[in-house]
Asker: 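If you scroll down you'll find the structure; I have some questions about it.
Just so you know, these numbers come straight off a predicted model, no measurement behind them.
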Amino acid sequence: MKKCLLVIAVVLLSVFVVFAQSNSEKKSVQTVQFTDSCGRVVELPAKITKVAPSGAVATLYLSVVAPEYMCNVNSQPSQEQMTYLPEVLATLPATGSLYGSKSTVNYEELIKTGAQVLIDIGDYKSSIKEDLDALQEQIGIPCIFISGDLTNMASAFRTLGSLLDGKAERGEALASFTEKTLSMAEENSAKVKETERVSVLYTTGADGFGTNAKGSSQAQVIDIVGAANAIVLEKVSNKGGGNIINAEQLYKADPDMIVFSAGSIYDSVETDSVWKNLWAVRVGAYYEIPDLPYNWLSEPPSINMLIGVWWLGKLVYPQYYTYNLEEVVKEYYSLFWSYDLTDAEVAALLSKAL
């Protein structure tokens with residue numbers, strides 16, 4: 001009987017010690033309160049080194065700020081994309097996206113990543129507060145939103161730099177390039193006279209009838225460089241495929257310039273019965289958007305838009321955007337992707353874009 005009681009006492013003591021140690025460890029983790037871009041106050045670890053992006057936009061942001069801290073990606077990059085991307089991205093689990101037309105977030109996989117915080121970056125959505133509160137309760141991981149469209153991009157980089165352990169300098173470097181880009185575009189677009197305004201059609205999809213209309217988050221670059229979006233609609237889609245238009249709308253728009261997403265009918269428009277009679281096609285003012293590692297204008301609308309500002313500005317208004325584009329492309333890839341492009345690689349990226 002005495003031996004039995006002794007064994008029970010030892011077991012209880014062991015359980016108490018483990019419980020006390022666990023509580024001690026929890027108390028030793030320092031936390032800070034963070035107010036995110038939709039006004040939610042969230043308690044976060046003071047030292048963050050494990051992060052889960054909520055989708056494609058956040059994945060790109062974190063890929064350039066702290067790829068080694070990432071616990072997942074929204075989808076697996078292709079082999080072509082991995083030429084430019086951090087090697088670690090190829091090893092991370094793909095957990096889907098919280099938002100978008102392909103919203104397939106895998107909650108179980110998110111929990112398994114061991115992330116200290118889930119970060120959603122992008123455009124503000126009316127349901128964002130409720131969505132993140134519900135997600136946070138469901139997965140047991142703090143969830144925050146950071147506004148990350150082009151106009152808020154510099155601030156987003158600085159916020160990430162301050163949140164992630166040891167990344168303040170990196171965040172500042174990326175924010176500085178962002179501010180340089182937007183200042184350059186603001187200065188040059190202000191020089192454009194109304195009589196010089198170029199209308200640009202941004203097409204998507206294999207047949208080219210998907211389009212990112214004025215007001216879409218996917219079409220931000222067109223406005224920023226001082227061009228006019230050729231497609232103006234009452235109901236605008238922010239999805240990657242944009243709005244679907246018909247031939248009548250296409251002819252009515254009859255843009256001054258067309259930029260095609262990769263994988264479209266770009267190579268055959270001069271002989272296509274629908275496209276060949278458009279002004280831009282007849283005069284050769286149509287181009288294919290560079291798309292490695294990501295489309296330079298959107299898809300997703302993230303950090304890739306920055307190089308798109310330099311490219312589209314130079315393409316539309318070369319008289320005002322007078323820099324050496326090839327050198328800027330090299331600078332961007334070096335700073336953001338730590339990839340030093342050769343002259344031949346730059347030429348390949350721009351082969352159908354100028």
Asker: Nearest 0.5 Å, what's the CG-OG1 distance between Leu250 and Thr211?
Answerer: 9.0 Å
Asker: Please say whether more than 12 non-hydrogen atoms of neighbouring residues, nucleotides or ligands are located less than 6.0 Å from CD in Glu108.
Answerer: no
Asker: Which pairs with one or both residues in residues 145-155 pass side-chain hydrogen bond (donor to acceptor under 3.5 Å, both in side chains), sequence neighbours excluded?
Answerer: Ser147-Asn152, Asp149-Thr151, Asp149-Asn152
Asker: Which heavy atom in Ala90 sits nearest to a heavy atom in Met82, and how many Å separate them?
Answerer: CB-CE, 3.8 Å
Asker: List the steps and the verdict of side-chain hydrogen bond (donor to acceptor under 3.5 Å, both in side chains) for Thr31 and Glu43.
Answerer: CA-CA 6 Å; Thr31 60; Glu43 191 169 2; 2.6 Å; yes
Asker: Tell me whether Arg197 is salt-bridged to Asp256, with the criterion being a basic N under 4.0 Å from an acidic carboxylate O.
Answerer: no
Asker: Taking only Lys NZ, Arg NE, NH1 and NH2, and the carboxylate oxygens of Asp or Glu, determine whether Glu248 and Lys252 approach each other closer than 4.0 Å.
Answerer: no
Asker: If you measure from CD1 on Ile128 to CZ on Phe145, what distance do you get to the nearest 0.5 Å?
Answerer: 5.5 Å
Asker: What verdict does the side-chain hydrogen bond (donor to acceptor under 3.5 Å, both in side chains) test give for Thr49 and Asp165, after you've listed the backbone C-alpha separation in whole Å, the side-chain angles of each residue and the deciding distance to 0.1 Å?
Answerer: CA-CA 6 Å; Thr49 58; Asp165 187 53; over 6 Å; no
Asker: Specify the closest pair of heavy atoms between Ser63 and Thr59, including all atoms of both residues, with the distance to one decimal.
Answerer: OG-O, 2.6 Å
Asker: For the pair Lys50 and Glu68, find out whether any cationic side-chain nitrogen is under 4.0 Å from an anionic carboxylate oxygen.
Answerer: no
Asker: Could you tell me whether Lys314 sits above the aromatic face of Tyr323, with NZ or CZ closer than 6.0 angstrom to the six-membered ring centre and within 45 degrees of the axis?
Answerer: yes
Asker: Does the pair Val64 and Arg170 meet the rule for a side-chain contact (heavy atoms from CB on, under 4.5 Å), with working shown?
Answerer: CA-CA 9 Å; Val64 297; Arg170 177 63 174 163; 4.2 Å; yes
Asker: Consider only side-chain heavy atoms of I, L, V, M, F, W and Y, link residues closer than 4.5 Å, and tell whether Val200 and Ile258 are in one cluster.
Answerer: no
Asker: In plain terms, say whether Lys191 and Glu186 are close enough for a salt bridge, that is, a side-chain N and a carboxylate O under 4.0 Å apart.
Answerer: no
Asker: Rounded at 0.5 Å granularity, tell me how far CG in Leu60 sits from CD1 in Ile303.
Answerer: 4.5 Å
Asker: Leu150 versus Leu306: any side-chain heavy-atom pair under 4.5 Å?
Answerer: yes
Asker: Tell me whether Glu326 contacts the main-chain N or O of Leu350 through its side chain, where contact means a donor paired with an acceptor under 3.5 Å.
Answerer: no
Asker: For Tyr124 and Cys38, run side-chain contact (heavy atoms from CB on, under 4.5 Å): C-alpha distance rounded to whole Å, both residues' side-chain angles, the deciding distance at 0.1 Å, then the answer.
Answerer: CA-CA 8 Å; Tyr124 179 83; Cys38 60; 3.7 Å; yes
Asker: Of Trp310, Trp311, Phe177, which is the lone residue that meets side chain to side chain contact (heavy atoms under 4.5 Å, CB included) with Tyr332?
Answerer: Phe177
Asker: Say you draw a straight line from CD of Glu331 to CG of Leu341; how long is it, rounded to the nearest 0.5 Å?
Answerer: 12.0 Å
Asker: Please give me the minimum heavy-atom distance between Glu270 and Val281, naming the atom from each residue.
Answerer: CA-CG1, 4.0 Å
Asker: Would you say Tyr251 and Leu278 make side-chain contact, with heavy atoms under 4.5 Å?
Answerer: yes
Asker: Between Asp36 and Arg40, does any side-chain N to carboxylate O distance fall below 4.0 Å?
Answerer: yes
Asker: Is there a side-chain contact between Leu110 and Asn72 (heavy atoms, below 4.5 Å)?
Answerer: yes
Asker: When hydrophobic residues are tied together by side-chain contacts of less than 4.5 Å, even through go-betweens, does Leu62 share a cluster with Ile144?
Answerer: yes
Asker: Under 30°, 30 to 60°, or over 60°: which ring-plane class applies to Phe260 and Tyr286, parallel, tilted or perpendicular?
Answerer: perpendicular
Asker: Going through the distances and angles, do Tyr317 and Ser189 end up as a side-chain contact (heavy atoms from CB on, under 4.5 Å)?
Answerer: CA-CA 9 Å; Tyr317 302 117; Ser189 63; over 6 Å; no
Asker: Less than 4.5 Å apart, side chain to side chain, heavy atoms only: is that true for Val329 and Leu325?
Answerer: yes
Asker: Atom CG of Leu85 and atom OG of Ser338: how far apart are they, to the nearest 0.5 Å?
Answerer: 11.0 Å
Asker: Ala247 and Val274: which non-hydrogen atoms are nearest, and at how many Å?
Answerer: CB-CG1, 4.4 Å
Asker: Look at the side-chain heavy atoms of Ile, Leu, Val, Met, Phe, Trp and Tyr, link any pair under 4.5 Å apart, and say whether Val73 and Ile48 land in one connected group.
Answerer: yes
Asker: Angle class for the Phe209/Trp275 ring planes (parallel below 30°, perpendicular above 60°, tilted otherwise)?
Answerer: tilted
Asker: Between Ile111 and Val117, is there shared hydrophobic-cluster membership here, with clusters defined by ILVMFWY side-chain heavy atoms closer than 4.5 Å?
Answerer: no
Asker: Looking at every heavy atom in both Asn212 and Ala219, which two are closest together, and how far apart are they?
Answerer: O-CB, 3.7 Å
Asker: Quiz question: by atom type and distance under 3.5 Å, do the side chains of Ser268 and Asp272 form a donor-acceptor pair?
Answerer: no
Asker: Is Leu354 reachable from Val269 through a run of hydrophobic residues whose side-chain heavy atoms are each under 4.5 Å from the next?
Answerer: no
Asker: With rounding to the nearest 0.5 angstrom, report the OH to CG distance, Tyr287 to Leu315.
Answerer: 5.0 Å
Asker: State plainly whether the residues Asp223 and Lys214 are in salt-bridge range, i.e. N to O under 4.0 Å.
Answerer: yes
Asker: Any non-hydrogen side-chain atom of Pro142 less than 4.5 Å from a side-chain atom of Leu118?
Answerer: no
Asker: Would you check if there is a donor-acceptor pair between the side chains of Ser237 and Asn243 at a distance under 3.5 Å?
Answerer: no
Asker: Is the shortest heavy-atom distance from the side chain of Glu196 to the side chain of Lys193 under 4.5 Å?
Answerer: yes
Asker: Does any non-hydrogen side-chain atom of Glu172 lie less than 4.5 Å from one of Arg158?
Answerer: yes
Asker: Do NZ/NE/NH1/NH2 and the carboxylate oxygens of Asp340 and Lys330 come within less than 4.0 Å?
Answerer: no
Asker: At their closest point, which heavy atom of Ala115 faces which heavy atom of Ile141, and how far apart are they?
Answerer: O-CG2, 3.7 Å
Asker: Are Tyr339 and Tyr333 close enough that their ring centres sit under 6.0 Å apart?
Answerer: no
Asker: Taking the side chain as every heavy atom from C-beta outward, state whether Pro53 and Ile119 have any pair of such atoms under 4.5 Å apart.
Answerer: no
Asker: May I ask you to decide if Asp120's main-chain N or O and Tyr61's side chain share a donor-acceptor pair within less than 3.5 Å?
Answerer: no
